[in-house]
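Working notes for the structure below.
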Amino acid sequence: MDLVEMTLSDREFGRIKERVYRIAGLSLSDSKRTLVVSRLSKIVRGLGLGSFDAYIDFLEKTQNAHDQQNFVNALTTNLTRFYREDHHFEHLEHYIGNLMAQRPRIGPDGKPRLRIWSAGCSTGQEPYTIALCLLAAFPDLKRWDFRILATDIDTDVIAKAAQGIYPVSELNDLSNQRAALFEKLDSGSIRIPAAARQLVAFKPLNLMEEWPMKGTFDAIFCRNVAIYFDRPTQTKLFQRLGKALAPDGFLYIGHSENLGSGADGFKSLGKTIFQVKSGQRAKDAA
Ligand SMILES: C[S@@+](CC[C@H](N)C(=O)[O-])C[C@H]1O[C@@H](n2cnc3c(N)ncnc32)[C@H](O)[C@@H]1O
């Protein structure tokens, strides 16, 4: 049987939707039917199974983490680019400049401490843009205790991001000044310079599960991620992100996203930039 021609019944689509929602919070609309068929049929064929029903039955039984992960990886949307929505990086630069000049948090090693989280980082363009911007803006940065945590549920994009190598076409829409920040490789690819790569730690993390991080973040980028979730899931996520922010820290979300009923406790600074209201922290602590 040619499984490229596999059909997806309403019942099968329903089972797939239920599963990816339960695991990853992803809310698949009917417009995603064709995409689901094209992405999953390759996997189903690879497993030697004859239908999507057989595939879901298989996933319900198997203990194989790789197979479970492949299902999720196949259904994520990973579109991203360097300097996407660049007003956020301008804002971040300005904020970090003020923070470091006025009241840096000092870590146990006596260095100014700064933590940024790129939640739903895809193939890494977002956290690397943060690193490149801040390295260019703050020559002292190398002396700070500065780390960027970059997480995603999709283990394929995390592996790609950690390499820091991209096709040269990624530079197409960048100014010459920005393009000059990347290393050009003989292969025709570009690489993130070591100074920027060393600042970023990539880890797999499902935002629907427990977050293992202990401390808070001075800034969180969670952009173009919640757009794939339904409202109740978004609200819960934004409230958790608010708790993960340091006092005065900022949350950056995607251009087509809003906090909806998760906005409680945040004040908007416009342009999809938010800060936790100071009174809210006292309420949370009570
Ligand atoms: C469209 S990309 C956004 C990338 C980047 N933040 C940007 O704005 O350019 C969305 C990312 O969210 C990730 N994602 C979706 N559901 C997730 C979840 N439950 N936990 C963590 N990451 C998730 C996807 O794997 C995907 O890489």
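Indexing begins at 1, ligand by ligand and atom by atom, following the structure's order.
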### Residue and atom name of the nearest protein heavy atom (relative to atom 24 (C) of ligand 1), distance in Å to one decimal
D152 OD1, 3.4 Å

### Lys/Arg cation over aromatic F71: R19, 6.0 Å, 45° cone
yes

### Message
Can you confirm if the aromatic rings of F274 and F250 lie within a centre distance of less than 6.0 Å?
### Response
no

### Message
Whether R33 and D10 form a salt bridge (side-chain N of Lys/Arg under 4.0 Å from carboxylate O of Asp/Glu) is what I want to check.
### Response
yes

### Message
For the 3.5 Å polar cut-off, considering only N or O atoms, please tell me whether A24 and ligand 1 meet it.
### Response
yes

### Query
Does the distance from a Lys or Arg side-chain N to an Asp or Glu carboxylate O, for E126 and R84, drop under 4.0 Å?
no

### Atoms in ligand 1 flagged as close to L79, the criterion being non-hydrogen separation under 4.0 Å
1 (C), 2 (S), 3 (C), 4 (C), 9 (O)

### Message
Tell me whether R178 is salt-bridged to D86, with the criterion being a basic N under 4.0 Å from an acidic carboxylate O.
### Response
yes

#### Entry: Contact with ligand 1 for F229, non-hydrogen, under 4.0 angstrom
yes

### Task
State whether the side chain of D230 and the backbone N or O of T233 hold a donor-acceptor pair below 3.5 Å, judged by distance alone.
yes

### Query
What atoms of ligand 1 come within less than 4.0 Å of a heavy atom belonging to E126?
5 (C), 6 (N), 7 (C), 8 (O)

### Task
Using a strict 4.0 Å cut-off to heavy atoms of S122, name the atoms of ligand 1 that fall inside it.
4 (C), 27 (O)

### Query
Does the distance from a Lys or Arg side-chain N to an Asp or Glu carboxylate O, for D218 and R105, drop under 4.0 Å?
yes

### Summary
Taking only non-hydrogen atoms of N224 and a 4.0 Å limit, the atoms of ligand 1 in range are 1 (C), 2 (S), 3 (C), 7 (C), 8 (O), 10 (C)

#### Entry: Side chain, backbone, both or neither: L26 near ligand 1, heavy atoms under 4.0 Å
side chain

### Query
Any ion pair linking D30 and K17 (charged N to carboxylate O, less than 4.0 Å)?
yes

#### Entry: Element-labelled atoms of ligand 1 that are located less than 4.0 Å from some non-hydrogen atom of N206
18 (C), 19 (N), 20 (N)

### Query
Would you say ligand 1 has an N or O under 3.5 Å from any N or O of D154?
no

### Task
Report yes if R81 has an N/O atom closer than 3.5 Å to an N/O atom of ligand 1; otherwise report no.
no

### Query
Under 3.5 Å, is there a donor-acceptor pair linking the side chains of D53 and S51?
no

### Task
Select the closest option to atom 21 (C) of ligand 1 among L205, T76, V72, I227, judged by heavy-atom distance.
L205

### Query
Do L207 and ligand 1 have an N or O pair less than 3.5 Å apart?
yes

### Query
Could K203 and D152 be called an ion pair, given the rule that one side-chain N must be under 4.0 Å from one carboxylate O?
no

### Message
Between the side chains of R15 and D57, is the shortest nitrogen-to-carboxylate-oxygen separation below 4.0 Å, so that they form an ion pair?
### Response
yes

### Query
Of all the atoms in ligand 1, which lie at a distance below 4.0 Å from a heavy atom belonging to V225?
12 (O)

#### Entry: Polar contact flag for G25 and ligand 1 (N/O pairs, less than 3.5 Å)
no

### Message
Just to confirm my output: which protein heavy-atom neighbour is closest to atom 2 (S) of ligand 1, and how far is it?
### Response
T77 O, 3.4 Å

### Query
Based purely on interatomic distance, does I153 place a nitrogen or oxygen under 3.5 Å from a nitrogen or oxygen of ligand 1?
yes

### Task
May I ask you to check whether R84 has an N/O atom sitting below 3.5 Å from an N/O atom of ligand 1?
yes

### Task
Please report the shortest heavy-atom distance between I165 and S189, naming the atom on each side.
CG2-CB, 3.8 Å

### contact_flag G254 ligand 1 heavy-atom lt 4.0 Å
no

### Lys NZ or Arg CZ of R240 over W211 ring: under 6.0 Å, within 45°
yes

### Message
Considering non-hydrogen atoms of the protein only, which is the closest contact for atom 4 (C) of ligand 1, and what is the distance?
### Response
G120 O, 3.3 Å

### Message
Tell me the protein heavy atom at minimum distance from atom 9 (O) of ligand 1, and give that distance in Å.
### Response
T80 OG1, 2.6 Å

